[in-house]
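Structure record follows, encoded as structure tokens.
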Amino acid sequence: MQDFSFYNPTRIEFGAGKIARLDALVPANARVLVLLGGESARRSGTLDEVLTALGEREVQVFNGIEPNPSFETLMKAVDQVREQQLDYLLAVGGGSVIDGTKFVAAAALFNGDAWDILLQGGQNVTSALPFGSVLTLPATGSEMNKGSVITRKSLAAKLPFASEHVYPQFSILDPVKTYTLPPRQIANGVVDAFMHVIEQYLTYPAEAPVQDRFAEGLLQTLIEVGPKALANPEDYQTRASLMWTATLALNGLIGSGVPQDWATHMLGHELTALHGLDHAQTLAIILPEMLRQRKAAKLGKLVQYAERVWNIDTGSDDDKAETAIECTRDFFEAVGVKTRLSDYGLGAEHIDNIIDSLTNHGMTKLGEHNDVTPEHCRQILLASI
Ligand code: NZQ
Ligand code: ZN
């Protein structure tokens, strides 16, 4: 096991009706900005519930944070915070709204050009406004981590930042709030959470048996509950399991003390920035060929993944690895996320541009060994058509 420092200050309030806890969680004298995505929170009644729970507090609403939240939109929220002297943020939505709120929290107190936060990956963030979240989409883990991914539309750039100053103070996880999600978003959530585990697990053996078994448990849970969550949208226990699994997949616990990969995510961000694919769609396309391309370096963990997660116990190591890769692809397809570039209207003619963009963003040494180059990524994309 590698050395690590584990810190996670986010309180989780889990269960039906927990939005009522907002009154106890948000300071009584707070001047609150509630941040929303499009129409979903308003339509589902979640916004009303939130406003009721906030009671007599001074509350303003910022509407319109888009999926893959944009710098351009978020800077308008930063202006509102500053002009109206708001001092507490509350994200109500999915990963995009929570990521966006993290950026607003940091940018509102940042001296200088806020885009520098992304250019320096958050290392220059020294403070942020306090905030909480009401999660409506299980997927990203943003509700209990310090990461955020922001898109600058004018530059076609989607970049991550991380800072201990942007952990939510609390997140409310009410599985009932996920009932209104369309199947596409549930499928995306299952794939994204699965990928978060894979990025922290499928690297090389690191003598971290408890992290491995936590990770395998999360993967098996997603394989079990993903299809059920799609088939029975109002099955509370299934949605509860999915929600908590997605949070645990990226709250820092399983990634402590182990090598981490993230190459699939970084290449995926380019596909979203340039072609607008959903985050999870990009991951479903890239992962199978990423694993195949890096099979030799990952063989130890691929065989363990095959045996323990997919119960594959026959054939050579190479056979097991190949079968596990195909099981993974089949799982993504079975929950409804297509795994080929051509499924999204993309082909060989788009790849040069994607690779140029990856290179321009400095993503030239990816993966747990820093040895995944733009040329590897080109081969991966070609094989993914
Ligand atoms: O905008 P509204 O109207 O709210 O609709 C949203 C949006 O269209 C809808 N939705 C959310 N909750 C709903 C609902 N519709 C009906 N009922 C509900 N209860 O779902 C759509 C997608 O929402 P979004 O927030 O974009 O999805 P997700 O949670 O998958 O977030 C994706 C973003 O998170 C980033 C991704 O890159 C992407 O930008 N990630 C953040 C991470 C982190 N902070 O740690 C890690 C991830 O790897 C990921 O990169
Ligand atoms: Zn992700």
Side-chain angles (χ1 to χ4, degrees), residues 8-30 32-37 39-63 65 88-102 105 129-146 166-182 185-186 189-190 192-193 218 221-222 225 228-229 232-253:
N8 193 315
T10 302
R11 173 190 298 277
I12 297 295
E13 290 286 351
F14 194 102
K18 284 282 189 167
I19 286 176
R21 289 278 298 143
L22 279 173
D23 190 33
L25 294 167
V26 177
N29 59 353
V32 185
L33 183 65
V34 173
L35 297 103
L36 303 176
E39 283 303 310
S40 80
R42 213 176 282 275
R43 215 180 301 128
S44 64
T46 303
L47 178 62
D48 280 345
E49 234 178 289
V50 165
L51 295 178
T52 303
L54 289 173
E56 298 302 307
R57 288 172 183 80
E58 171 81 29
V59 177
Q60 298 189 16
V61 174
F62 182 86
N63 213 83
I65 298 179
Y88 202 96
L89 308 181
L90 182 63
V92 180
S96 293
V97 175
I98 302 175
D99 279 11
T101 299
K102 289 175 176 177
L129 287 177
F131 71 98
S133 89
V134 175
L135 180 67
T136 64
L137 197 175
T140 64
S142 188
E143 65 278 9
M144 199 180 177
N145 70 33
K146 60 178 176 178
V166 299
Y167 277 106
Q169 287 192 332
F170 64 83
S171 285
I172 294 178
L173 276 57
D174 175 350
V176 177
K177 297 297 162 212
T178 73
Y179 291 177
T180 53
L181 280 164
Q185 297 304 340
I186 286 289
V190 170
D192 193 24
L218 295 174
T221 305
L222 289 167
V225 303
K228 286 189 196 165
N232 309 305
E234 304 206 356
D235 175 350
Y236 178 86
Q237 292 301 344
T238 298
R239 289 293 168 106
S241 286
L242 176 59
M243 206 170 202
W244 189 223
T245 306
T247 301
L248 290 170
L250 195 50
N251 72 347
L253 183 66

#### Entry: Verdict with supporting geometry, Ser171 and Ser133, side-chain hydrogen bond (donor to acceptor under 3.5 Å, both in side chains)
CA-CA 5 Å; Ser171 285; Ser133 89; 2.7 Å; yes
### Message
Assess the residue pair Gln237 and Val225 against the criterion (side chain to side chain contact (heavy atoms under 4.5 Å, CB included)); give the C-alpha distance rounded to whole Å, side-chain angles, the decisive distance to 0.1 Å, and a yes or no.
### Response
CA-CA 10 Å; Gln237 292 301 344; Val225 303; over 6 Å; no
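- The shortest non-hydrogen separation linking Ile98 to Ser142 is CG2-OG, 3.3 Å.
- Under the 4.5 Å side-chain criterion, counting only non-hydrogen atoms from C-beta, Val34 is in contact with Leu36.
- Thr46 places no side-chain N or O within 3.5 Å of a backbone atom of Arg42 that could act as its donor or acceptor partner.
- Of all heavy-atom pairs between Ala53 and Ala20, the closest is CB-CA, 4.2 Å.
- Among pairs with a residue in residues 241-253, none fulfils salt bridge (charged side-chain N to carboxylate O under 4.0 Å, His left out), at least two apart in sequence or across chains.
- Within the model, atoms CG of Leu242 and CD1 of Ile186 stand 5.5 Å from one another, a figure rounded to the nearest 0.5 Å.
- Every residue two or more places apart in sequence or in another chain that forms a salt bridge (charged side-chain N to carboxylate O under 4.0 Å, His left out) with Asp23 is listed here: Arg57.
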### Query
Should Gln169 and Thr10 be marked as a side-chain hydrogen bond (donor to acceptor under 3.5 Å, both in side chains) after you check the CA-CA gap, both sets of side-chain angles, and the distance that decides it?
CA-CA 5 Å; Gln169 287 192 332; Thr10 302; over 6 Å; no
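- Atom OH in Tyr88 sits 7.5 Å away from atom CG in Leu25 (nearest 0.5 Å).
- Across Ala16 and Asp174, no two heavy atoms sit closer than the pair CA-OD1, 3.4 Å.
- Between Thr178 and Thr136, the closest side-chain pair of non-hydrogen atoms is not below 4.5 Å.
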### Task
Could you check Asn145 against Lys102 for side chain to side chain contact (heavy atoms under 4.5 Å, CB included), going step by step and ending with a plain yes or no?
CA-CA 10 Å; Asn145 70 33; Lys102 289 175 176 177; 2.8 Å; yes
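- Leu129 CG to Leu89 CG: the interatomic distance, rounded to the nearest 0.5 Å, is 5.0 Å.
- The salt bridge (charged side-chain N to carboxylate O under 4.0 Å, His left out) test applied to Glu13 returns Lys18, Arg21, not counting sequence neighbours.
- Among residue pairs with one or both ends in residues 235-247, none qualify as salt bridge (charged side-chain N to carboxylate O under 4.0 Å, His left out); sequence neighbours excluded.
- In this structure, Glu143 and Leu173 have side chains that are in contact, with non-hydrogen atoms separated by less than 4.5 Å.
- Scored by the side-chain hydrogen bond (donor to acceptor under 3.5 Å, both in side chains) test, Lys146 finds no partners at all (sequence neighbours excluded).
- Side-chain contact check for Val92 versus Leu90: some heavy-atom pair is nearer than 4.5 Å.
- Rounding to the nearest 0.5 Å gives a distance of 4.0 Å between OG1 of Thr101 and CG of Leu35.
- Residues Leu51 and Val59 have side chains in contact (heavy-atom distance under 4.5 Å, counting atoms from C-beta outward).
- Shortest non-hydrogen contact noted between Ala139 and Ala246 is N-CB, 3.7 Å.
- The structure places CD of Gln185 at 5.5 Å from CG of Leu137, a figure rounded to the nearest 0.5 Å.
- Using cut-offs of 30° and 60° for the angle between ring planes, the Phe14 and Trp244 rings count as perpendicular.
- Proximity of Leu218 to Leu248: side-chain heavy atoms (C-beta onward) are separated by under 4.5 Å at one or more points.
- Going from atom CD1 of Ile12 over to atom CG of Asn251 covers 8.0 Å, rounded to the nearest 0.5 Å.
- When all heavy atoms are compared, the tightest approach of Phe131 to Ala105 is CD2-CB, 4.1 Å.
- Panel note: side chain Ser241, backbone Thr238; no donor-acceptor pair is recorded below 3.5 Å.
- Annotation: side chain of Leu33 is not in contact with side chain of Val61 (no heavy-atom distance under 4.5 Å).
- No side-chain N or O of Ser44 forms a donor-acceptor pair with one of Thr180 less than 3.5 Å apart.
- At a threshold of 4.5 Å between non-hydrogen side-chain atoms, the residues Leu250 and Thr140 do not count as touching.
- Taking the ring pair (Phe, Tyr, Trp, His ring centres under 6.0 Å) definition, one finds that Tyr167 meets it with Tyr7, sequence neighbours left out.
- Closest non-hydrogen pair, Leu135 versus Lys177, comes out as O-CB, 4.3 Å.
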